[in-house]
Amino acid sequence: KLIQANKEIPALEKKGNKLVNVEEFREIYKKSLMNVRQFGNHLGITGQMVSYLLNEKRQITKGVSDKVRAFASKFL
């Protein structure tokens, strides 16, 4: 499994899709005019997790980043 994981890491780094940074996440959240629970429901995460991401207590994962970009392109 380690060999397979090491082979996949460079493949992910070559992609041009960067993760949403905290500033972008905050900006998209503010433009949505939703509270944390509503915003989280749209992204498929909890309101508590949205709060953690906004306060930089958790890092934004690729999955959440993809969901935020999809949300922004669809609703904003």
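Values in this document were obtained by computation on a predicted structure and should not be read as measured data.
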Just list the side-chain donor-acceptor pairs under 3.5 Å for residues 30-37, sequence neighbours left out, or say none.
unit_1 : atom_1 : unit_2 : atom_2 : d
K31    : NZ     : E27    : OE2    : 3.3
S32    : OG     : Y29    : O      : 2.6
S32    : OG     : M34    : N      : 3.4
N35    : OD1    : R37    : N      : 3.1
N35    : OD1    : Q38    : N      : 2.8

* Structure fact -> Between V20 and S65, the two heavy atoms sitting closest are N-OG, 2.8 Å
From [atom1] ([X]) to [atom2] ([Y]), nearest 0.5 Å:
X: F75; Y: F39; atom1: CZ; atom2: CZ; answer: 10.5 Å
X: F25; Y: L53; atom1: CZ; atom2: CG; answer: 4.5 Å
X: K67; Y: I45; atom1: NZ; atom2: CD1; answer: 7.0 Å
X: D66; Y: L43; atom1: CG; atom2: CG; answer: 11.5 Å

* Report, as yes or no, whether the 6.0 Å neighbourhood of atom CD on Q59 holds more than 12 heavy atoms from other residues, nucleotides or ligands. => no
* Qualifying salt bridge (charged side-chain N to carboxylate O under 4.0 Å, His left out) pairs with a residue from residues 51-61, counting only residues at least two apart or across chains -> R26-E56
* Any residue meeting ring pair (Phe, Tyr, Trp, His ring centres under 6.0 Å) with Y52, in chain and number order, not counting sequence neighbours -> none
* **Which residues share a side chain to side chain contact (heavy atoms under 4.5 Å, CB included) with T46, sequence neighbours left out** => Q48, M49
